Participant: 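Just passing along the structure, written as structure tokens.
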Amino acid sequence: MNERARKKFFKREQKEPAASELAAGIMKGDKTILSRGITLIESNAQRHQEKTQEMLKLLLPHSGHAVRIGITGVPGAGKSTFIEEFGSMLCGRGFKTAVLAVDPSSTVNGGSILGDKTRMESLSRHPDAFIRPSPSGGTLGGVHRKTRESMIACEAAGYDIILVETVGVGQSEVMVRSMVDFFMLLAITGAGDELQGMKKGIMELADAIIVNKADGDNRPKAIKTMREYRQILHFLQPATPGWETKTLACSALTGDGIQEIWEMIEAFVNDTKASGIFDRRRSRQVKEWMLSMIKEKLEASFFQAEEVKRLMPEMERQATAGELTVPAAVDRLFQAFWEK
């Protein structure tokens, strides 16, 4: 879409483009329209959600082909520097690469802290890269739904690799693990101290543990840390059946080891596709997504019901005053909800 057509597209007397127009622009690979489509996905307005589903219905047949990679890391692991170097390498090899950075929500306005584009300046300027910081909205369910739908839009726009960066080590990693094909944990030297604050469950989610900052005087320490992780992983359950969790060292600063990481992921994709695990994981993820959306819609319907909103303050008062047990208060609220 040329500049003149784009201006005409967005002007239209300030009218919002139809879902079919957004879908057409996305499938042509227009980054501006892709950004607008994702903004629509992230909106909580009911009319926008309905349009989102209409747009996604058109995009869905053109999605599903990309390799989806989740990336998390301990504080100070250099995630942004790693993603920029890794993404630049992928673009250099001819892959269109999208980065969906799930940012913590601002406590003031609920928006996202849009720092990733400034931290990934070189990658953001690459014609084959797309970076989208997205607000978590304060709820993991919101991340689950909106990030999945954003991935569909990026895939329909022609992106071959989707990198999903998480906010940190915690419960959000479980959510991201459930929507990607390959999940990597970025670590740094000092594994002994680091592991004390790291949950075993997070390590068991990883298909690879990458020790970053393996450069200069720090390289011997990074290699030692990598070997320590390798020993620990022998006692943990692999994240993917038939795949032994790998440990590698790299330097996002110099680029050393970055290409080997991609070769490892390619081997993972080839192996899991050959065994059928790749497709089974994708199918399971769709089922998990459906269940999460059912729960999300039920919760929204409950709290938006006028009868519940009217009765809630009194039930809270009686429960806190000890006049009514919490289970009894909840039962009354549900009774009001079902009888609406």
Side-chain angles (χ1 to χ4, degrees), residues 26 29-32 34-35 38 65-103 112-134 147 150-151 153-168 176 180-189 206-216 218-219 222 226 246-270:
I26 288 170
D30 190 299
K31 290 185 184 181
T32 304
L34 174 59
S35 292
I38 293 177
H65 61 272
V67 176
R68 304 164 181 173
I69 303 169
I71 301 173
T72 189
V74 298
K79 279 191 298 180
S80 294
T81 306
F82 173 82
I83 290 171
E84 177 161 51
E85 185 65 27
F86 187 59
S88 296
M89 180 274 297
L90 290 172
C91 290
R93 296 186 62 160
F95 295 106
K96 291 188 68 178
T97 305
V99 179
L100 299 176
V102 180
D103 284 347
S112 61
I113 302 171
L114 305 179
D116 291 274
K117 280 196 175 180
T118 58
R119 294 198 301 269
M120 304 178 196
E121 279 188 46
S122 177
L123 182 60
S124 65
R125 290 195 298 267
H126 199 289
D128 287 335
F130 175 79
I131 300 175
R132 177 71 183 203
S134 300
T147 304
S150 296
M151 283 197 295
C154 289
E155 290 178 344
Y159 288 91
D160 308 297
I161 313 290
I162 311 293
L163 305 178
V164 183
E165 179 191 2
T166 70
V167 295
V176 173
V180 297
D181 306 311
F182 187 91
F183 192 70
M184 71 172 78
L185 171 64
L186 214 59
I188 47 178
T189 56
D207 295 303
I209 297 179
I210 311 297
V211 181
N212 192 18
K213 303 185 180 182
D215 46 55
N218 197 52
R219 181 167 176 78
M226 180 189 73
K246 309 298 182 189
T247 54
L248 294 174
C250 76
S251 169
L253 194 62
T254 66
D256 290 343
I258 297 294
Q259 184 169 311
E260 287 75 11
I261 293 170
W262 172 241
E263 290 170 356
M264 172 193 61
I265 294 173
E266 281 188 309
F268 171 90
V269 172
N270 291 334

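Note that these values count all heavy atoms, side chains included, but never hydrogens, waters or copies made by symmetry. Remember, it's a predicted structure, so these values are computed and weren't measured experimentally.
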Participant: Rounded to the nearest 0.5 Å, what's the gap from CG on D207 to CZ on F268? Could you check?
Facilitator: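 It is 4.0 Å, given to the nearest 0.5 Å.
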Participant: Would you indicate whether the side-chain heavy atoms of L100 and I162 approach each other to under 4.5 Å?
Facilitator: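 The answer is yes; the side chains approach within 4.5 Å.
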Participant: Side-chain contact test, heavy atoms from C-beta onward, threshold under 4.5 Å: evaluate it for L163 versus T97 and give yes or no.
Facilitator: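 The answer is yes, as the side chains (C-beta and beyond) meet within the 4.5 Å cut-off.
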Participant: Given 3.5 Å as the limit, does a donor-acceptor pair link the side chain of N218 with the main chain of K213, or not?
Facilitator: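 Yes: the side chain of N218 pairs with the backbone of K213.
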Participant: Heavy atoms, side chains only, cut-off 4.5 Å: are T72 and V176 in contact?
Facilitator: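 No, their side chains stay 4.5 Å or more apart.
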Participant: Report the C-alpha separation of M184 and I69 in whole Å, then their side-chain angles, then the decisive distance to 0.1 Å, and conclude whether the side chain to side chain contact (heavy atoms under 4.5 Å, CB included) test is met.
Facilitator: CA-CA 8 Å; M184 71 172 78; I69 303 169; 3.9 Å; yes
Participant: Y159 vs F130 aromatic rings, parallel, tilted or perpendicular, using cut-offs 30° and 60°?
Facilitator: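 Tilted, since the angle between the ring planes falls between 30° and 60°.
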Participant: For I265, is there any backbone N or O sitting under 3.5 Å from a side-chain donor or acceptor partner on K246?
Facilitator: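 No, the answer is negative, given that no donor and acceptor are paired below the 3.5 Å cut-off.
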Participant: Looking at A252, is its backbone amide N or carbonyl O close enough to the side chain of N212 to form a donor-acceptor pair, meaning the two atoms are under 3.5 Å apart?
Facilitator: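 Checked: pair present.
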Participant: Starting at CD1 of I161, measure out to SG of C154 and round the result to the nearest 0.5 Å.
Facilitator: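 Output value for this atom pair is 12.5 Å.
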Participant: Can you name the residues that form a side-chain hydrogen bond (donor to acceptor under 3.5 Å, both in side chains) with E266, not counting sequence neighbours?
Facilitator: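 Counting only residues at least two positions away or on another chain, E266 forms a side-chain hydrogen bond (donor to acceptor under 3.5 Å, both in side chains) with W262.
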Participant: If I take atom CD from residue E85 and atom CG from residue L253, how far apart are they, to the nearest 0.5 angstrom?
Facilitator: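 Interatomic distance, E85 CD to L253 CG, rounded to 0.5 Å: 8.5 Å.
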Participant: Under the side-chain hydrogen bond (donor to acceptor under 3.5 Å, both in side chains) rule, collect the residues that match up with S88, sequence neighbours excluded.
Facilitator: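 With sequence neighbours excluded, S88 shows a side-chain hydrogen bond (donor to acceptor under 3.5 Å, both in side chains) to no residue whatsoever.
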Participant: Hey, is the main chain of V99 close enough, under 3.5 Å, to the side chain of E165 for a donor-acceptor pair?
Facilitator: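 No; judged by distance alone, with no hydrogens or angles, the pair does not exist.
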